[in-house]
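Below is one structure, written out as structure tokens; comments come after it.
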Protein chains: 4
Amino acid sequence: MINRVVLVGRLTKDPDLRYTPSGVAVATFTLAVNRAFSNQQGDREADFINCVIWRKPAENVANFLKKGSLAGVEGRIQTRSYDGQDGKKVYVTEVVADSVQFLEPRNASGNQGGSFNGNQQNQGFNAGNPFEAPSQKPSFNDDPFGGTSKTIDITDDDLPF
Amino acid sequence: MINRVVLVGRLTKDPDLRYTPSGVAVATFTLAVNRAFSNQQGDREADFINCVIWRKPAENVANFLKKGSLAGVEGRIQTRSYDGQDGKKVYVTEVVADSVQFLEPRNASGNQGGSFNGNQQNQGFNAGNPFEAPSQKPSFNDDPFGGTSKTIDITDDDLPF
Amino acid sequence: MINRVVLVGRLTKDPDLRYTPSGVAVATFTLAVNRAFSNQQGDREADFINCVIWRKPAENVANFLKKGSLAGVEGRIQTRSYDGQDGKKVYVTEVVADSVQFLEPRNASGNQGGSFNGNQQNQGFNAGNPFEAPSQKPSFNDDPFGGTSKTIDITDDDLPF
Amino acid sequence: MINRVVLVGRLTKDPDLRYTPSGVAVATFTLAVNRAFSNQQGDREADFINCVIWRKPAENVANFLKKGSLAGVEGRIQTRSYDGQDGKKVYVTEVVADSVQFLEPRNASGNQGGSFNGNQQNQGFNAGNPFEAPSQKPSFNDDPFGGTSKTIDITDDDLPF
DNA sequence: TTTT
DNA sequence: TTTT
């Protein structure tokens, strides 16, 4: 049984970072991936793919990516269902990311970097590799319930570990 | 923009083969892909991933795969929406397969092969490679509107070419 | 930076299991992956792809796979070089597997299973998922230096952790 | 039989464009893909992966990519051998690309774009999709034997079609 | 609504 | 023989 996905696209909005009641970080975001071909009207459409990422990489995503960021995602397709407010089951298909790669040059979008940076090119960071600690230490929100972070109704049953 | 998916799993039902009004074959099927890990109850769950394949490979899929067949899929994730009968938009995420690989040994499921076959191992066939004609010529349904095949309401706008 | 490989093919020989001086298991094997297209002589060629896998999954591979086994591999391409016996550098390109999937039905190749098994189909095992312990406990060689296992000249520098 | 590779990395040199005696374009280049983890000395190493691409996309690669360009590659691993000048067989493992994606912002590396461009972000082009014609028409070298292009000793047997 |  |  193999289930592997690789995506490169742009975030449609800022990522949404939340925490489970037990304090596990989850970020969700949607990647717009332009299709390689045009439709019959001659337009190139995009697929809008919902992605989820857990734990530390979720915080990296929330800290480094924003609307419009070019990102690479490796993960797997997950399907799940829940009971909608109208009583019928809602089926969801999304990508659970193992790692997210920041592919934007450091100061590409003006207001992102702030200070000038002679090194125009991005080194990348791997948001999901368990072996790697990001070298540039961002001020992560270490208290999952503090700050502006919201708690959400996700049970730990949703956790892949 | 990269959008690549590789799956190996089992068909949950026989594939469904239809034809567009202009005679293009489309097969749809769902792959059950067992997860590599167990949930907190200790059970291994599966993802049920809807797949679509077009044209000749669609007919190959319909001819060679059935409920329970082990298959490999290469393709991309597609998102689309349509207006549901209750008036609100329904969002769909599915895999559009470029190729489907038959991974079952030739006579694995008893009633499949029928006669004994000295060559126990499956060589596979590539259902979606444009360069390759399947060497074993199956009796394809050459008239898209004949036989038991159904016509469906898919406009050619859905075609990726 | 993304580097992802998915392969399904057959082992050209029994896997080779060794241990580093510090006792870490490494298995190597070659996967023959038939091409989807034929060459100009009308033959379908194969690619012979060298694979490496480390630690517990290496032992699973050695215990469950053998010449001819159908296997799925997920991993990344690694390049490295060493000094050949003629003094010049030898460049190597191989796949470092994260996980190996056994895709063979349980008693497909006769001498494998032995006793009859009503459940003809393989459940698969994921040889490289860190979260998953194989449910069927094989008699793993717990002493890396015992048994018929060989020690090899690989320094821990080759380890990806 | 599945053989799928996805890479994102940087070209180590300008691509090398050649033509077969029968006039088919082939570009070769090496992608440096930084590893997600550091070695025991604390350095992040890279894999240097040789890639080949044929026909029109080969010309796109030669026209749009250069040393240092960030690129995405989709393709398959190919192994082949030839007789080295010392009489012994040389084994080669490389990636045959179906498509190459230009991931660099339009004017990232100064001397590339030239004039200022309000649209800072790159839309990408898909160098290998048979359905897609690049919208920005570059001055392709339509005569394979003209210009500075070299002819090489590759027989058509190497062509995947 | 799910496969082995 | 390697990129940022």
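Quick note on labels: first sequence line is chain A, next is B, and so on, each numbered from 1.
- Rounded to whole Å, the distance from CG on B:D43 to P on E:dT4 is 18 Å.
- With respect to the salt-bridge test (charged N to carboxylate O, under 4.0 angstrom), the residues C:R76 and C:E94 do not qualify.
- Across the protein-nucleic acid pair, D:N50 atom CG and F:dT3 atom C1' stand 13 Å apart, rounded to whole Å.
- Between the side chains of A:Q78 and B:D47, no donor-acceptor pair of N or O atoms lies under 3.5 Å.
- Residue contacts shown for A:K89 are limited to sugar-phosphate atoms, with no base heavy atom under 4.0 Å away.
- The separation between C:D83 atom CG and F:dT1 atom P is 9 Å, rounded to whole Å.
- Rounding to whole angstrom units, CZ of residue D:R44 and C1' of F:dT3 are separated by 12 Å.
- Although no hydrogens or angles enter the test, the distance criterion places a donor-acceptor pair under 3.5 Å between the side chain of B:N39 and the main chain of B:Q41.
- A straight line from CE of C:M1 to P of F:dT3 spans 12 Å, rounded to a whole angstrom.
- Atom CG in B:D16 sits about 14 Å away from atom C1' in E:dT1, given to the nearest Å.
- The nearest whole Å value for the distance from the CZ atom in B:F48 to the P atom in E:dT3 is 7 Å.
- Between D:E104 and D:R10 there is a salt bridge, with a side-chain nitrogen of the basic residue lying less than 4.0 Å from a carboxylate oxygen of the acidic one.
- In this structure, A:Y91 places its OH atom 6 Å from P of E:dT2, rounding to the nearest Å.
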